Amino acid sequence: MGRGLCLLLSLGLLGAVWLLPSVRRRRARRAAGCRRCARNARVAAVVIPVSALLLVAGAVVRTQAAVFPLVPCSAHVLASGAVVPEPVPRVSVQPTWDAARRVVLSGVSGLALAGGRLVGMDACQSSQPVVFWRPPRTSAGGSIVGETFVAWNVVDNGGRPSERHGFGIMGEQTYLRFGPNITRGPEENAALAVHESRHVDQAAVLTTIGGPVVMPLLYTVDDAFYPAARNHFERAAGLDAGGYRTSPGTEPDPQWAVVGGIVLLLALVLRTRIRLLSRVLARGRVAGGRHAPDRCPRHSPGWFGAGP
Ligand SMILES: [Zn+2]
Ligand SMILES: [Zn+2]
């Protein structure tokens, strides 16, 4: 696979920045003068093609599930062994955009499908692929991963008697309703399909811009400050349709443990830049250009007054 394609798959349109001649020249110059920069370049030269290859493998899995369709979700399995599918909820999406977003997300969608199967989940096809745990575990919710709905959230003996064991329908002695059965009827089913379809839109746009990690990253950060039904992605997708029963305010409600974790992670990632900034603050601009032998300024050791 070409370098450009690898970058596009892994980092979206932002990956194209790495292809700019000026950026490439600057990176090559730094790698020549700094051992750490050279090492980082070697790591990137492995990580980016590997993640691109994984995404291509995922796209193959997703394509396979489109060519050989999965069992429809909510199919009723009668005592006789006959399988009667419930109608798949229709979501009205502009056809070209619908195809485009499926293609953009195919890598991640396929990896979610394959990963779900690998850990022993079952798969079915609704308006999108779904992976879920078999009974006796009862699905209570999940997340969109690419286009695939991963019903990871389970409860023990959850919900009403009719909802337990994933059988979703009252008086269900003769058939089993195959699927996660999070919704309790066709209307809820259709509403949830619209909600998840909006998440697919969000994921497709963000993946195009910055690759597959952008949506989960932004969602997690948003959720740390605006948890659950306050989350902007959830509000944009529709709270009622998404099964959020309570409507809290729109003001932030920071989850300090998560916020702390994010700050710690940011400090780790930006460690070398913060260190360089500390030297500039302590000793003025000129310290920003000084460096240790075989190191660029950013990768030179020493905080504040110490260092080159
Ligand atoms: Zn360096
Ligand atoms: Zn949602």
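Read the numbers this way: they start at 1 and go in the same order the structure lists the ligands and their atoms. Throughout, numbering of the chain's residues begins at 1 and tracks the sequence. It should be emphasised that the depicted structure is a prediction, and the values quoted were computed from it without experimental measurement.
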Could you tell me whether the side chains of R101 and T96 share a donor-acceptor contact shorter than 3.5 Å?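 Per modelled atom types, R101 and T96 side chains form no pair under 3.5 Å.
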
Verify whether one side chain among R298 and T272 offers a donor that lies under 3.5 Å from an acceptor in the other.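 Yes, T272 and R298 have a side-chain donor paired with an acceptor closer than 3.5 Å.
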
Does E234 bring an N, O or S atom to within less than 2.8 Å of the Zn ion (ligand 2)?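 Looking at E234, which is the residue asked about, there is an N, O or S atom under 2.8 Å from the Zn ion (ligand 2).
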
Let's go through Y226 and H232 carefully: what are the C-alpha distance in whole Å and the side-chain angles of both, what is the deciding distance for ring-ring contact (aromatic ring centres under 6.0 Å, His included) to 0.1 Å, and is it a yes or a no? CA-CA 7 Å; Y226 300 90; H232 290 91; 4.5 Å; yes

H199 atom (N/O/S) at minimal separation from the Zn ion (ligand 2):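 When I compare the N, O and S atoms of H199, NE2 is nearest to the Zn ion (ligand 2).
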
Nearest to the Zn ion (ligand 1), which N, O or S atom of H299 do we find?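 Distance check against the Zn ion (ligand 1) picks out ND1 in H299.
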
Testing the basics here: between W18 and R24, what is the closest heavy-atom pair and its distance to 0.1 Å?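 Looks like O-CG, 3.1 Å.
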
When you draw lines from the Zn ion (ligand 1) to SG of C296 and to SG of C37, what angle lies between them, to the nearest 10°?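 Rounded to 10°, it measures 110°.
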
